[in-house]
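Note sheet for the following structure.
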Amino acid sequence: MKKTMINQEFDVQNIQAVNLGVSLRGNAQRYFIPSDAGTKSALKSILSDTVNAFEGVATAWEVYDISEDYGSKRRIYSPRNNEYMTALSEIFDVGGLPDLTNLNDHVSEIEFYFGEFTDNQGRKAVGIRKATQLKATLTARNRLVRLVNDTVVLIEEDTLKLDPQYDVVVTDANIFILNPRNVELVAQITEHVAATATAKLQHIQDTVLFLDMTRIQASIARHPQMARHAASIAANPNLANFQQARIEEMAVRHGIVFKTLADGRLQCRVQDHARLLEILDARRYHLDLAGNGGDPYRATGRQKVSAK
C-alpha cells in the first residue's frame, strides 16, 4: 500500500486491537458490541478497503470546505480540531464503553456504527459508517437465503450487513472524509452551521468594514445554504483584505444593487443577499474569452488549483 496521509498517521497493515461500536438514535448513547474474530477481521478489511478507495481518487488531498457541493469523489480531509467536526472528534475520544448485550432490541435505533482500531505503535483510528444498510438488511428478515449443499435455505435469524467502506476515518490529527453527505449527517453539521450563522455574519461585519450584514443576519436562520457560505467566508484567512472596489465591480456584473447607509457601509437589496454571499465566498465569477463582454457564472463546486 502506498504511503498516504492516512497511513502516515495509522498503520492499517498492523492492527493489534479492534472494537465494534454503535451509537443509538435519540439519546446518542454509545456502546461496544461483543464481536468474534471473524467480525473483527471484517472490520479491519473494511478499513483497508476505505484507504484503498481514497487511493483510487485522482484528486490531490484538499481541506473540507463547509460550503462546497461535493458532487464527485474527492480526497477530502479536515483537521480534527475543526469546530464542525466536534461530534466526530468525540467518537474518537470516547474511550471505554459499556457492552450492549441485547443488540436485537436496539438495531432499529442505530444511528451509525464504528470500528475502533489500535495499531502496533499504540495509535488509534476510528472508521464510522451511517447505519442505513445495516438496518435495511434487518427489515429483510425471512427474505434472505444462504446456499447449503446446493440447496437454498431461508435465513430466519436477524441478519446485519456491514458496508464495504466507512464514510469517514478519524485519526488523532485528522478526519478523512469519503462520503461527505453521510459525514455531515453523523457530525450534525447543518445544525451546527445554523446555530453559529449569526455569529459568523457578525464576524464578517466586524472585519469587512465597508459592508453591512445586519439585514442578512436577521434572516440567515431560514437559509441553510447561505449559512454555509457565511461560515466559509468567516473562516477565510484573507477576509480583512477584501477590497471594496473589487467587490463593487463584481456586484455590478452580477446585478447586485447597493445603497450607502448613514454609517458609510454598503447594504444590498434583500433579493441580493444570496448573491452577495456567493461573491464573498468566491462562488461567482466573470469570464470573457471572446472579447465580447463575457458572462457572469455561478459555481457550487470548486477546487483550488496551482498555476504551475
Measuring from atom [atom1] of [X] to atom [atom2] of [Y], what distance do you get when rounded to the nearest 0.5 angstrom?
X    : Y    : atom1 : atom2 : value
Q217 : H273 : CD    : NE2   : 11.0 Å
I175 : I76  : CD1   : CD1   : 12.5 Å
L20  : L43  : CG    : CG    : 5.5 Å
D272 : R269 : CG    : CZ    : 4.0 Å
I110 : R25  : CD1   : CZ    : 10.0 Å
F114 : I91  : CZ    : CD1   : 7.0 Å

Between [X] and [Y], which heavy-atom pair has the shortest distance, and what is it?
X    : Y    : answer
F210 : Q243 : CZ-C, 3.7 Å
S219 : H223 : O-CD2, 3.1 Å
L276 : I247 : CD1-CG2, 4.5 Å
V63  : Y70  : O-OH, 4.0 Å
R123 : Q121 : NH2-NE2, 3.0 Å
I233 : L280 : CD1-CB, 3.6 Å

Just by distance, no angles: are the side chains of [X] and [Y] close enough, under 3.5 Å, to form a donor-acceptor pair?
X    : Y    : result
T50  : N52  : no
R283 : S67  : yes
Y113 : D163 : yes
T151 : N149 : no
S89  : R80  : yes
H254 : R275 : no
N174 : E9   : yes

Is there side-chain contact between [X] and [Y], with at least one heavy-atom pair below 4.5 Å?
X    : Y    : value
N120 : D11  : yes
F112 : R129 : no
D49  : P164 : no
Q244 : E249 : no
I279 : I256 : yes
M213 : Q202 : no
T190 : V193 : no
T300 : Q225 : no

Under a 4.0 Å threshold between the charged nitrogen and the carboxylate oxygen, would [Y] count as salt-bridged to [X]?
X    : Y    : value
K259 : D212 : no
R302 : D65  : yes
E68  : R228 : no
E62  : R75  : no

Do you reckon [X] sits in the same ILVMFWY cluster as [Y], going by side-chain contacts under 4.5 Å, direct or chained?
X    : Y    : value
F117 : L162 : yes
F176 : V186 : no
V126 : L24  : no
L287 : M250 : no
I66  : M85  : yes

Passes side-chain contact (heavy atoms from CB on, under 4.5 Å), L100 versus V22? Steps please.
CA-CA 9 Å; L100 183 63; V22 297; 4.1 Å; yes
List the steps and the verdict of side-chain contact (heavy atoms from CB on, under 4.5 Å) for F92 and D172.
CA-CA 8 Å; F92 181 88; D172 184 61; 4.0 Å; yes
I would like to know whether L277 and L201 meet side-chain contact (heavy atoms from CB on, under 4.5 Å); could you show each step before the answer?
CA-CA 10 Å; L277 291 178; L201 283 167; 4.3 Å; yes
For the residue pair H192 and Y84, does the interplanar ring angle fall in the parallel (under 30°), tilted (30 to 60°) or perpendicular (over 60°) class?
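Rings of H192 and Y84: perpendicular, as their planes differ by over 60°.
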Which word best sums up how the rings of W61 and F54 line up, parallel for under 30°, tilted for 30 to 60°, or perpendicular for over 60°?
tilted
Given N179, which partner from the list E184, K73, K130 fulfils the side chain to side chain donor-acceptor pair (under 3.5 Å) test?
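Only one of E184, K73, K130 forms a side chain to side chain donor-acceptor pair (under 3.5 Å) with N179, namely K73.
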Main chain of [Y], side chain of [X]: is a donor-acceptor contact present, judged purely on distance under 3.5 Å?
X    : Y    : answer
T207 : H203 : yes
D288 : G291 : yes
H286 : G293 : yes
R265 : Q205 : yes
R284 : Y297 : no

Using the rule given for side-chain contact (heavy atoms from CB on, under 4.5 Å), can you reason through I128 versus Y166, listing the C-alpha separation, both sets of side-chain angles and the distance that settles it, and then say yes or no?
CA-CA 5 Å; I128 306 167; Y166 298 109; 5.8 Å; no
Should the pair K124 and F10 be classed as cation-pi, given the thresholds of under 6.0 Å to the six-membered ring centre and 45° from the axis?
no
